[in-house]
Amino acid sequence: MRVDRVPYGELPAATRAALVARVGAGEGVPVTAGSGSAFASWFWPGGVMVFVKGMPVDHVDADRLEAEAAIAAFLPPSAPKVLWRESAGGWLLVCFQGLVATQWTYFGDDGDHVGSVAAVLAELSEHPAPGVVTMTAWERWGDYCDPCDEPLLVGDRLVHSDPAGSNFMTEPGGRVWMIDWSWALRGPGWVDAALWGFRLVLDGRQTPQEAARWTARIPAFAAAPREAVAVLTRAEAQSWEHEQAKGMTELADTIAAARAWAEHWATP
């Protein structure tokens, strides 16, 4: 869900006071990228950059930010650290390690960092899901599957579930970070690679065949049953079609890419 941003000056007085106590006076530098939080800004307490996200505690998506803060201690090294969380003035504030990096990573087949993203996803595919992660892959995509397909989407690995180009930040030296863990779930280790292939087609304008060559670099995906990949990619495409039917606009390219990726795996 897209969330409208609230400027620093329009935050409740108690929320601003909590920020001043934590990061000093001033509104920092507002972040324009992203749409999942009501407040987002960089600050430099003591000369060290940090990133603060915030949501009203009564917002329908406030639990997503709470979930991101709760999982932080269990994430792989490619995830920025959470430094603190605080509730003040009816808002939840979560402070993350600041990154000097691009706000998104180019996914074209000729991209300099696609291989580094593959390495991050390979590491993630082996990472166990902690107990605080209760959402499952089946709960996420089961409505778009045949009930008999449930065993194909059962697993105990940590799944990010949204490996879009905007959720990877690349430092000048080439290190890739994976951000925004608010939709983390548990499932098979190959799921993120399967979703990444769709994003390579959408964000990187790759062909399904090109995208498949990159996803094959991730051992968990290379070993995944083709039937299972076909079930998930079809469900992901149908989920976007469902969002369009509910009234979400500007999804034509997304749906076309998701369908193309799913059709690639539906073909023996």
Side-chain angles (χ1 to χ4, degrees), residues 1-2 104-111 114-115 117-118 120-122 124-125 135-155 157-168 178 180 183-268:
M1 176 182 292
R2 184 172 294 275
W104 62 282
T105 295
Y106 174 57
F107 277 177
D109 189 51
D110 59 344
V114 182
V117 172
V120 165
L121 291 175
L124 175 59
S125 71
M135 171 71 78
T136 68
W138 183 252
E139 288 172 318
R140 173 75 174 268
W141 290 284
D143 287 347
Y144 308 103
C145 302
D146 188 299
C148 69
D149 291 330
E150 182 174 0
L152 298 173
L153 298 185
V154 172
R157 302 295 92 180
L158 178 63
V159 177
H160 180 281
S161 85
D162 188 18
S166 57
N167 282 333
F168 292 92
M178 196 171 190
D180 195 355
W183 292 101
L185 47 84
R186 61 176 57 237
W190 52 264
V191 167
D192 276 318
L195 298 172
W196 183 49
F198 147 56
R199 288 295 181 170
L200 291 175
V201 176
L202 175 62
D203 299 339
R205 297 296 187 263
Q206 296 193 29
T207 67
Q209 292 75 22
E210 290 171 335
R213 288 195 290 271
W214 284 108
T215 57
R217 295 191 178 198
I218 301 167
F221 183 82
R226 190 179 186 96
E227 177 188 6
V229 175
V231 165
L232 178 71
T233 54
R234 181 175 63 248
E236 176 71 359
Q238 290 176 354
S239 72
W240 287 107
E241 292 166 356
H242 179 67
E243 291 300 318
Q244 185 182 57
K246 290 195 303 182
M248 185 177 288
T249 60
E250 300 180 358
L251 288 180
D253 289 346
T254 301
I255 291 171
R259 285 176 176 168
W261 182 237
E263 287 168 5
H264 176 81
W265 294 101
T267 304

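Since the structure is predicted, the reported quantities are computational estimates derived from the model, not experimental observations.
When all heavy atoms are compared, the tightest approach of Ala137 to Gly187 is CB-CA, 4.2 Å. Taking both residues in full, the closest heavy atoms of Ala211 and Trp261 are given as CB-CZ3, 3.7 Å, listed atom of the first, atom of the second, then distance. In terms of heavy-atom proximity, Tyr144 sits nearest to His242 at OH-CD2, 3.3 Å. Nearest heavy atoms, Cys145 versus Trp141: SG-O, 3.3 Å. Taking both residues in full, the closest heavy atoms of Ala257 and Val201 are given as CB-CG1, 3.8 Å, listed atom of the first, atom of the second, then distance. Nearest heavy atoms, Ile218 versus Ser125: CG2-OG, 4.3 Å.
Among residues two or more places apart in sequence or in another chain, the side-chain contact (heavy atoms from CB on, under 4.5 Å) test is passed with Asp143 by none. Remark: Thr136 pairs with Trp138, Glu139, Arg186 by the side-chain contact (heavy atoms from CB on, under 4.5 Å) rule, at least two apart or across chains. When the salt bridge (Lys or Arg N to Asp or Glu O under 4.0 Å) test is applied to Asp162, the partners found at least two apart in sequence or on another chain are Arg199. Among residues two or more places apart in sequence or in another chain, the side-chain contact (heavy atoms from CB on, under 4.5 Å) test is passed with Ala184 by Ile71, Leu158, Trp181. Remark: Asp253 engages no residue in a side-chain hydrogen bond (donor to acceptor under 3.5 Å, both in side chains) (not counting sequence neighbours). Applying the side-chain contact (heavy atoms from CB on, under 4.5 Å) rule to Asp110 yields the partners Tyr106; only residues at least two apart in sequence or on another chain are considered.
Between the side chain of Asp203 and the main chain of Phe107, no donor-acceptor pair closer than 3.5 Å is present.
Side-chain contact between Thr254 and Gln244: absent, with no pair of heavy atoms (C-beta onward) separated by less than 4.5 Å. Residues Trp240 and Leu202 form no side-chain contact, since every pair of their non-hydrogen atoms from C-beta on lies 4.5 Å or further apart.
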Donor-acceptor pairs are to be reported for all side-chain atoms of residues 219-233 against protein atoms at under 3.5 Å, with residues two or more places apart or in another chain.
from: Arg226; atom 1: NE; to: Trp265; atom 2: O; distance (Å): 3.3
from: Arg226; atom 1: NE; to: Thr267; atom 2: O; distance (Å): 3.2
from: Arg226; atom 1: NH2; to: His264; atom 2: O; distance (Å): 2.8
from: Arg226; atom 1: NH2; to: Thr267; atom 2: O; distance (Å): 2.8
from: Thr233; atom 1: OG1; to: Val229; atom 2: O; distance (Å): 2.8
from: Thr233; atom 1: OG1; to: Ala230; atom 2: O; distance (Å): 3.3

Only pairs under 3.5 Å count here: list side-chain donor-acceptor contacts from residues 188-196, not counting sequence neighbours, and write none if there are none.
from: Asp192; atom 1: OD1; to: His160; atom 2: N; distance (Å): 3.4
from: Asp192; atom 1: OD1; to: Ser161; atom 2: N; distance (Å): 2.8
from: Asp192; atom 1: OD2; to: His160; atom 2: N; distance (Å): 2.7

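Separation of atoms CG (Leu121) and OG1 (Thr215) is listed at 10.0 Å; rounding is to 0.5 Å.
The 12-atom threshold is exceeded at CD of Gln209, counting heavy atoms of other residues, nucleotides or ligands nearer than 6.0 Å.
Among residues at least two apart or in separate chains, salt bridge (charged side-chain N to carboxylate O under 4.0 Å, His left out) pairs with a member in residues 229-244 are Glu241-Arg259, Glu243-Lys246.
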